[in-house]
Amino acid sequence: MSLSVDVFLVGEDDGIRVLEVPDGCSDLAGFERWRTTVWGSQAVRSLGARFFPVLAGDDLRVDADQVRAFRRECAVLRENLEDIVAGVNPVTTAGKLLGQLSDRLANIEDAARRAEEVGGGVLIW
């Protein structure tokens, strides 16, 4: 199983409508095990992350008014990718994990940018 990242809008009935992923974009946010081994890891928590660690126990819903703060957290993770990889016990080589992590974080960053553009939120599930 894989984690997905999507942009959503809240309707008048307070229900969410997940938007389609645009051509040329990816919704891949990591492997299911990354909930605890990467996004909820001590390495990520030690950077002061408050959004990503939620994934260790639940899906992550970032509402529209939180997207800017979420993008800042993404930037902190991006700046510290090597430290995150060093704190994770990779199933693969550290170099391969670094590439995978960078790619999946890019997908999340892209979704957050798209969410901000449309006044929506981000869902990682």
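Values reported hereafter were calculated over all heavy atoms of this structure, with side chains retained and with hydrogens, waters and symmetry mates removed. One is the number of the first residue; the rest follow in order along the sequence. Quick caveat: nothing in here was measured; it's all calculated off a predicted structure.
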Please list, chain by chain and in numerical order, all residues satisfying side chain to side chain donor-acceptor pair (under 3.5 Å) with [X], sequence neighbours excluded.
X      : value
Glu116 : Arg68, Arg71
Ser26  : Asn107
Arg104 : none
Thr36  : none

Is there side-chain contact between Leu101 and Trp34, with heavy atoms separated by less than 4.5 Å? yes
Could you check if a side-chain atom of Phe52 sits within less than 4.5 angstrom of a side-chain atom of Leu105, using non-hydrogen atoms only?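 Yes; the side chains approach each other to less than 4.5 Å.
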Hey, can you pull the donor-acceptor pairs under 3.5 Å for the side chains in residues 38-48, sequence neighbours left out?
from: Trp39; atom 1: NE1; to: Ala29; atom 2: O; distance (Å): 3.1
from: Ser41; atom 1: OG; to: Val38; atom 2: O; distance (Å): 2.8
from: Ser41; atom 1: OG; to: Ala43; atom 2: N; distance (Å): 3.4
from: Ser41; atom 1: OG; to: Val44; atom 2: N; distance (Å): 3.2
from: Arg45; atom 1: NE; to: Gly40; atom 2: O; distance (Å): 2.8
from: Arg45; atom 1: NH2; to: Gly40; atom 2: O; distance (Å): 3.4
from: Ser46; atom 1: OG; to: Gln42; atom 2: O; distance (Å): 3.4
from: Ser46; atom 1: OG; to: Ala43; atom 2: O; distance (Å): 2.8

Not counting sequence neighbours, which residues clear salt bridge (Lys or Arg N to Asp or Glu O under 4.0 Å) with [X]? List them please.
X      : result
Glu117 : Arg113
Glu32  : Arg35
Arg78  : Glu109
Asp63  : Arg61

Tell me every residue that passes side chain to side chain contact (heavy atoms under 4.5 Å, CB included) with Ala69, counting only those two or more places apart in sequence or in another chain.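 For Ala69 the side chain to side chain contact (heavy atoms under 4.5 Å, CB included) partners, ignoring immediate neighbours, are Arg50, Phe51, Arg72.
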Same apolar cluster (I L V M F W Y, side chains within < 4.5 Å links), Val21/Phe70: no
Are Leu28 and Phe31 linked, directly or through intermediate hydrophobic residues, by side-chain heavy-atom contacts shorter than 4.5 Å (ILVMFWY only)?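 Phe31 and Leu28: separate clusters.
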Reported CG-to-CD1 distance for the pair Leu77 and Ile84, which is rounded to 0.5 angstrom: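 Spacing of CG (Leu77) from CD1 (Ile84) equals 4.0 Å.
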Atom CG in Asp103, atom CD1 in Ile108: separation rounded to 0.5 Å? 11.0 Å
Tell me the closest heavy-atom pair linking [X] and [Y], and the distance in Å.
X      : Y      : value
Ala94  : Val85  : O-CG1, 3.7 Å
Ala115 : Gly121 : CB-O, 3.6 Å
Leu55  : Ile124 : CD2-O, 3.7 Å
Asp110 : Cys25  : OD2-SG, 3.3 Å

Taking distance alone, no hydrogens or angles, what donor-acceptor pairs closer than 3.5 Å link side-chain atoms of residues 3-19 to residues at least two apart or in another chain?
from: Asp6; atom 1: OD2; to: Trp125; atom 2: NE1; distance (Å): 2.9
from: Asp13; atom 1: OD1; to: Gly15; atom 2: N; distance (Å): 2.9

Using only atom types and a distance under 3.5 Å, with no angle test, would you say the side chain of Asn80 pairs donor to acceptor with the backbone of Val76?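 Yes: the side chain of Asn80 pairs with the backbone of Val76.
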